[in-house]
Amino acid sequence: GDSNIFDALGSLRYRFAPSLQRAGVRMVWRVETAGPLLALPQTSVAQVMRIVQECLANVLMHSEAKKVRVVCRYELDPPHMLLEVQDDGVGMAQGQDGAVTGKGLSGMRERAHSLGAKIEIDTKQGTGTRVRLQVPVR
């Protein structure tokens, strides 16, 4: 199975590629393998995958994007995994307080929370959406 984050991301990429291609969305993949990230526990890997999957599903269904970029890398100080999914689509609705709403985002926030991760969801009408996840690595 997908014992580590890189295998898991790889199979996710493989699963989504045909649908993205059909939808005319170009996927830019920037995943840097780093030793410390291999230590991410199985449970964290699963949660991270659900978040990335949700992001890609949103891109497919709602964004009308031409391009999506998936970035994963190890960053120091404090040690964490940075994972970013960014599209150039129509952006998502924001509530009165500027918070992005709907489209499974509260589920994503809960998952991030359970990982002790920080998640930022930035969206602007017309310029797309960026989901940025920072998962602590012990």
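Excluded from the calculations below are hydrogen atoms, water molecules and symmetry mates; all remaining heavy atoms, backbone and side chain alike, are included. Quick caveat: nothing in here was measured; it's all calculated off a predicted structure.
- Closest of all the heavy-atom pairs between Ala34 and Tyr74 is CB-CB, 3.6 Å.
- Linking ILVMFWY residues whenever their side-chain heavy atoms come closer than 4.5 Å, directly or via other members, leaves Val28 and Tyr14 in distinct clusters.
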- Task: Could you give me the CA-CA distance, side-chain angles and deciding distance for Glu75 and Arg73, then say whether salt bridge (charged side-chain N to carboxylate O under 4.0 Å, His left out) is met?
- Result: CA-CA 6 Å; Glu75 296 198 331; Arg73 64 172 180 262; 2.9 Å; yes
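- In this structure, the side chains of Leu83 and Val135 stay at 4.5 Å or more apart for every pair of heavy atoms.
- The two residues Pro136 and Ala117 have their closest heavy-atom pair at CD-CA, 3.9 Å.
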- Do Val131 and Met108 pass the side chain to side chain contact (heavy atoms under 4.5 Å, CB included) test, and can you show the C-alpha distance, the side-chain angles, and the key distance before you say yes or no? CA-CA 10 Å; Val131 176; Met108 274 161 52; 3.9 Å; yes
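- Note: Glu120 CD to Arg130 CZ = 6.0 Å, rounded to the nearest 0.5 Å.
- Heavy-atom minimum distance, Gly91 versus Thr123: CA-OG1, 3.2 Å.
- Listed here is the closest heavy atom pair of Val25 and Ala65: CG2-O, 3.4 Å.
- Interatomic distance, Arg50 CZ to Leu115 CG, rounded to the nearest 0.5 Å: 11.5 Å.
- Taking every heavy atom of both residues into account, Ser114 and Arg111 meet most closely at OG-O, 2.7 Å.
- Rounding to the nearest 0.5 Å places OG1 of Thr33 at 11.5 Å from CD1 of Ile5.
- Leu12 and Leu37 fall within a single hydrophobic cluster, where Ile, Leu, Val, Met, Phe, Trp and Tyr are joined by side-chain heavy atoms under 4.5 Å apart, directly or via other members.
- Nearest heavy-atom pair across Trp29 and Leu9 is CZ2-O, 3.4 Å.
- The line from CG of Leu60 to SG of Cys55 is 12.0 Å long, rounded to the nearest 0.5 Å.
- Atom CG in Leu105 sits 11.0 Å away from atom CD1 in Ile51 (nearest 0.5 Å).
- A distance of 12.0 Å separates NE2 in His80 from CG in Leu40, rounded to the nearest 0.5 Å.
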- Under the side chain to side chain contact (heavy atoms under 4.5 Å, CB included) rule, what do Ile121 and Arg109 come out as? Steps first, then yes or no, please. CA-CA 9 Å; Ile121 302 166; Arg109 290 196 176 100; 3.8 Å; yes
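- Residues Asp87 and Asn58 are not in side-chain contact: their nearest non-hydrogen atoms beyond the backbone lie 4.5 Å or more apart.
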- Candidate pair Asn4 and Val45, rule side chain to side chain contact (heavy atoms under 4.5 Å, CB included), full reasoning: CA-CA 7 Å; Asn4 65 60; Val45 170; 5.7 Å; no
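- The shortest distance between side-chain heavy atoms of Met81 and Val48 falls below 4.5 Å.
- Val71 and Phe16 fall into different hydrophobic clusters, where Ile, Leu, Val, Met, Phe, Trp and Tyr are joined by side-chain heavy atoms under 4.5 Å apart, directly or via other members.
- Checked by atom type and distance alone, the side chain of Asp88 pairs as donor or acceptor with a backbone atom of Lys66 at under 3.5 Å.
- A single hydrophobic cluster is not seen to contain both Val68 and Val90; linkage of ILVMFWY side chains at heavy-atom distances under 4.5 Å, directly or through other members, places them apart.
- Residues meeting the side chain to side chain donor-acceptor pair (under 3.5 Å) test with Arg132, sequence neighbours left out: Glu84.
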